[in-house]
Amino acid sequence: MHKYRTHNCSELRSKHENKTVKLSGWVHRKRDHGNLLFIDLRDHYGITQCVIENSSENFKILEKIKPESVISIIGKVFKRNSENINKDLPTGEIEVEFKELQILSEAQELPMPVFGEQNYPEDTRLKYRFLDLRRQTIHDNIILRSKIISFIRKKMTELGFNEFQTPILTASSPEGARDFLVPSRLNPGKFYALPQAPQQFKQMIMVAGFDKYFQIAPCFRDEDGRADRSPGEHYQLDMEMSFVEKEDIFSTTEPLFFELFSKFGNGKKVSDFPYKRISYIDSMLQYGTDKPDLRNPLKISDVTEIFNSNEIKLDIFKKQINRGAIVRAIPAPNSIKKPRSFFDNLNQWAKDEGANGLAYLLITKNKGKLIGSGPIAKFFSENGVNQITKKCKISDGDVVFFSCEKQQIAEKISGLARQKVAQELNLIQYNQFHFCWIIDYPLYKYNEEEKKIEFSHNPFSMPKVDYEEFDKKDPLKILAEQYDLVCNGIELSSGAIRNHLPKMFYKVFSKVGYSKEDVNRKFGGMIKALLYGTPPHGGMAPGIDRIVMLLAGVENIREITLFPLNQNAQDLLMNAPSETTDKQLKELNIKTIKKDKN
RNA sequence: GGACCUGUAGUGUAGCGGUUAACACGUCCCCCUGUCACGGGGAAGAUCGAGGGUUCGAAUCCCUUCAGGUCCGCCA
């Protein structure tokens, strides 16, 4: 007989009746009837009920044993009477009667019980993560994560991608997030950086001729955490392909995501591919964001022109429009019967968000004519109402909200309002995964505070403009072969066709203030690689954590991470970060500055 | 760096100016041979995160501070 077990705790059925078996596991739950004791024995696979009578020599020991102790038992499998069968357990037809007992590891009284699914404070859970992880929900989440990663690995390999590891100790890269630095002992005063992503390495893998690469890649960014974003580290399905256009990348990955989400999506509907492609500009207009939730059917319209015409005499808006504001309209179908508070609350909400507010117009039909009502209706001509209803595709019984702001604020407010209205009106179809691609991102954006042009996305993307035309165009109008994969309003991935032409590389960087020398110094490896025969290439890097969160249906990244850091980037279990010894610091040529604690 | 929320026995919650701070789970003791959130009876366990203030009186109100979380900034 095996030292610890002949079966796991989820295996035994009535066909095993009368067999003598050995099980090992945790004492999940005890039910002590005085002269009869039930113990639910739990392992990774499940739970088996074990039973012992007071005639047994081990009865007294088991009565005293603490939950979560690890025991090993030898016993005989008995079929339960029909009235005692537990339909909730796969092993509910049988129970195991104790013959021999071995205590493998005694547990102390628990700081957080495993049994039951109480909500414990985050710090307790992280401090006792090994107990937390025994609990079914999170245990299942972690297994889901493992299965997702295995599935992705298998699929990517089948698709002809090669999995490679890239360095963890590498060079700090300009642009992007704050780096984690690692001091070099052999090179005093110098530092490695942990990779924010293997971006340059994967491009050089293409230069090296490997054609298709992927990796479940750890990415390190020293930025503050959020519920959906771990401080410190996260994982991406990093991938890159040679001799491709963006449609090749889309058609390669769409079936992968379709299969992945169909397989692990708990029966939720998954959008059929090809996924909808939406240009960045359209997305910002219609959805007020570059990560639209397409489970929400509402679309925003631009009605600046109509408000600026003589058909609407709303002077407050006209004045704002003259100062560069725009007007965006958010439809609220079939909401005319909503109480006044519904409209006023949204207006108040917009003001709380720092906006001017949300005006609204109610639409009814009378004798074949659409008529506007509500606080601002008196400013609309009949034709004005018609133009609005036509543009916003609304009709009898609908309401439309208007946000008049500077473009950026109008987009933000209308986007949020679109989501709020849809929630209030129950229009969001929650039982689906709705994918889309956002394409044609602008290469640059203008930084108002620093009064300069900067990269809006990835600096390595290929501009959608010929080299000769580059300088003739307004930089802010130049688009890039840059795309995002979005699902249910969550950005799953960024990606791009890369800029593989050295002269274009210099050109692109020159607009954000990098001289040729700057580029050579800061991207020396990359630019050198482009000089010796580079295949056109592109790829993307979907966030593993976000995929798992979507599929597990959780809002917090710590629910799908084995050993996460807390918001202050501390590991409460391992006690990291921690102070180090003077000897270690000396070896590294590092002095620490003691901060005053007044 | 900023804003907001939370902090009460081992654990989860209630109490939100007025005697011995309540309930549930857990722990300990007693009873119980068919439970599966077993049941019944009893006991122990809390200077209400910490410090200061207001008040005749503070878990409760105010200030400071610490810890955790959420968001903004930051980040793809």
Side-chain angles (χ1 to χ4, degrees), chain A residues 28-42 47-56 59 63-64 66-68 78 80-89 91-92 95 97 107-128 131-132 175-179 196-197 199 219-234 236 238 290-291 352-354 412 438 441 449 455-459 461 482-486 490-496 540-543 545-546 555-556 558 565-568 570 572 597-598:
Chain A
H28 186 61
R29 187 75 175 163
K30 289 193 301 182
R31 289 177 294 280
D32 188 351
H33 289 230
N35 293 314
L36 177 74
L37 173 64
F38 296 101
I39 286 188
D40 288 338
L41 194 66
R42 185 196 76 239
I47 285 174
T48 299
Q49 174 169 282
C50 305
V51 61
I52 188 166
E53 295 188 9
N54 63 349
S55 52
S56 167
F59 188 82
E63 254 192 330
K64 298 274 176 218
K66 292 240 185 351
E68 294 306 306
F78 281 89
R80 298 200 204 176
N81 294 333
S82 58
E83 68 268 24
N84 288 333
I85 287 175
N86 183 347
K87 292 198 178 72
D88 297 331
L89 281 183
T91 59
E95 62 193 8
E97 200 175 294
Q108 300 183 5
E109 192 179 334
L110 300 166
M112 55 171 291
V114 172
F115 174 78
E117 290 261 346
Q118 283 193 73
N119 290 323
Y120 299 107
E122 205 69 42
D123 43 347
T124 307
R125 293 182 57 190
L126 294 181
K127 193 169 170 189
Y128 298 98
L131 290 178
D132 191 30
E175 303 296 323
R178 199 178 292 116
D179 284 318
Q196 294 182 23
Q199 178 69 34
C219 303
F220 305 92
R221 292 172 192 162
D222 188 3
E223 298 296 342
D224 291 353
R226 287 288 184 278
D228 64 347
R229 197 173 84 201
S230 270
E233 60 191 74
H234 69 282
Q236 292 181 341
D238 195 42
D290 64 346
K291 31 182 187 250
D352 293 344
E353 291 284 318
K412 183 187 147 201
I438 308 299
Y441 273 82
E449 273 135 52
F455 287 112
S456 79
H457 255 58
N458 185 322
S461 310
Q482 167 92 42
Y483 40 82
D484 276 11
L485 179 62
V486 173
I490 290 164
E491 180 201 315
L492 281 187
S493 177
S494 255
M540 57 191 282
D545 306 271
R546 289 197 177 157
E555 302 282 327
N556 194 302
R558 291 182 292 275
L565 300 177
N566 70 5
Q567 192 166 49
N568 291 321
Q570 297 158 335
L572 299 177
K597 279 185 184 172
N598 289 331

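Computed from a prediction, not measured in an experiment: that's the story for all the values here.
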State, to 0.1 Å, how close A:F38 and A:E95 come at their nearest heavy-atom pair, and which atoms those are.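 Looks like CE2-OE1, 4.2 Å.
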For residues A:D179 and A:D222, report the shortest heavy-atom separation together with the two atoms involved. O-CB, 3.8 Å
What's the [atom1]-[atom2] distance between [X] and [N], to the nearest Å?
X: A:L565; N: B:G69; atom1: CG; atom2: C1'; answer: 15 Å
X: A:E63; N: B:U27; atom1: CD; atom2: P; answer: 13 Å
X: A:L110; N: B:C28; atom1: CG; atom2: P; answer: 11 Å
X: A:D179; N: B:C74; atom1: CG; atom2: C1'; answer: 14 Å
X: A:Q570; N: B:C66; atom1: CD; atom2: P; answer: 13 Å
X: A:N568; N: B:A67; atom1: CG; atom2: P; answer: 8 Å
X: A:R221; N: B:G73; atom1: CZ; atom2: C1'; answer: 17 Å
X: A:E122; N: B:U11; atom1: CD; atom2: P; answer: 16 Å

[atom1]-based separation of [M] from [N] [nearest Å]:
N: B:C66; M: B:A21; atom1: C1'; result: 24 Å
N: B:C32; M: B:G42; atom1: C1'; result: 15 Å
N: B:A22; M: B:A14; atom1: C1'; result: 7 Å
N: B:C63; M: B:A46; atom1: P; result: 31 Å
N: B:U47; M: B:C31; atom1: C1'; result: 37 Å
N: B:A59; M: B:C48; atom1: C1'; result: 4 Å
N: B:A50; M: B:U8; atom1: C1'; result: 14 Å
N: B:G12; M: B:G68; atom1: P; result: 16 Å

Just call it for [X]: base, sugar-phosphate, or nothing, with non-hydrogen atoms closer than 4.0 Å on any strand.
X: A:Q567; result: base
X: A:D484; result: nothing
X: A:K87; result: nothing
X: A:D290; result: nothing
X: A:D222; result: nothing
X: A:R558; result: sugar-phosphate
X: A:I47; result: nothing
X: A:G176; result: sugar-phosphate

N/O donor-acceptor pair, side chain [X] with base [N], under 3.5 angstrom:
X: A:D123; N: B:G69; value: no
X: A:R229; N: B:C74; value: yes
X: A:R125; N: B:G68; value: no

Would you say the side-chain atoms of [X] pair up with the backbone N or O of [Y], donor to acceptor, closer than 3.5 Å?
X: A:Y128; Y: A:P111; result: no
X: A:N568; Y: A:Q570; result: no
X: A:Q196; Y: A:G176; result: no
X: A:N81; Y: A:E83; result: no

Just to confirm, is there a sub-4.0 Å distance from OP1 or OP2 of B:U11 to any side-chain nitrogen or oxygen of A:K127? no
Any side-chain N or O of A:Q118 below 4.0 angstrom from OP1/OP2 of B:U13?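 Indeed not, no polar side-chain atom of A:Q118 lies that close.
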Closest listed nucleotide, where the reference is the side chain of A:N566 and the choices are B:C71, B:G68, B:U70: B:G68
Residue A:E109, side-chain heavy atoms: nucleotide from B:G10, B:G73, B:C28 that is nearest: B:G10
In plain terms, say whether [X] and [Y] are close enough for a salt bridge, that is, a side-chain N and a carboxylate O under 4.0 Å apart.
X: A:K127; Y: A:E122; value: no
X: A:R31; Y: A:D40; value: yes
X: A:E109; Y: A:K66; value: no

Heavy-atom protein contacts under 4.0 Å, nucleotides 43-48 of chain B, coded B base, S sugar-phosphate only, - none: ------
Reading nucleotides 33-42 of chain B from the 5' end, what letters show protein touch, with B for base, S for backbone sugar-phosphate only, - for no heavy atom under 4.0 Å? BBBBSB----
[N] pairs with which nucleotide, Watson-Crick or G-U wobble, both distances below 3.5 Å?
N: B:C48; answer: none
N: B:A43; answer: B:U27
N: B:G73; answer: none
N: B:G7; answer: B:C66
N: B:A22; answer: B:U13

Residue whose nearest RNA chain B nucleotide is more 5′ - A:P67 or A:S493: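 Checking each residue's closest nucleotide, the 5'-ward one belongs to A:P67.
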Need to verify one output field. Residue with the more 5' nearest nucleotide on RNA chain B, A:G225 or A:L572?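 That would be A:L572.
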Could you go through A:R546 and A:Q236, starting from their C-alpha distance and side-chain angles, then the distance that decides it, and tell me whether this counts as side chain to side chain donor-acceptor pair (under 3.5 Å)? CA-CA 9 Å; A:R546 289 197 177 157; A:Q236 292 181 341; over 6 Å; no
Verify whether the ring centers belonging to A:H234 and A:F220 lie closer than 6.0 Å. no
Apply salt bridge (Lys or Arg N to Asp or Glu O under 4.0 Å) to A:E68 and A:R42, showing your working. CA-CA 9 Å; A:E68 294 306 306; A:R42 185 196 76 239; 2.9 Å; yes
Output, in order, the C-alpha distance, side-chain angles, deciding distance and verdict of side chain to side chain donor-acceptor pair (under 3.5 Å) for A:D484 and A:Y441. CA-CA 9 Å; A:D484 276 11; A:Y441 273 82; 3.0 Å; yes
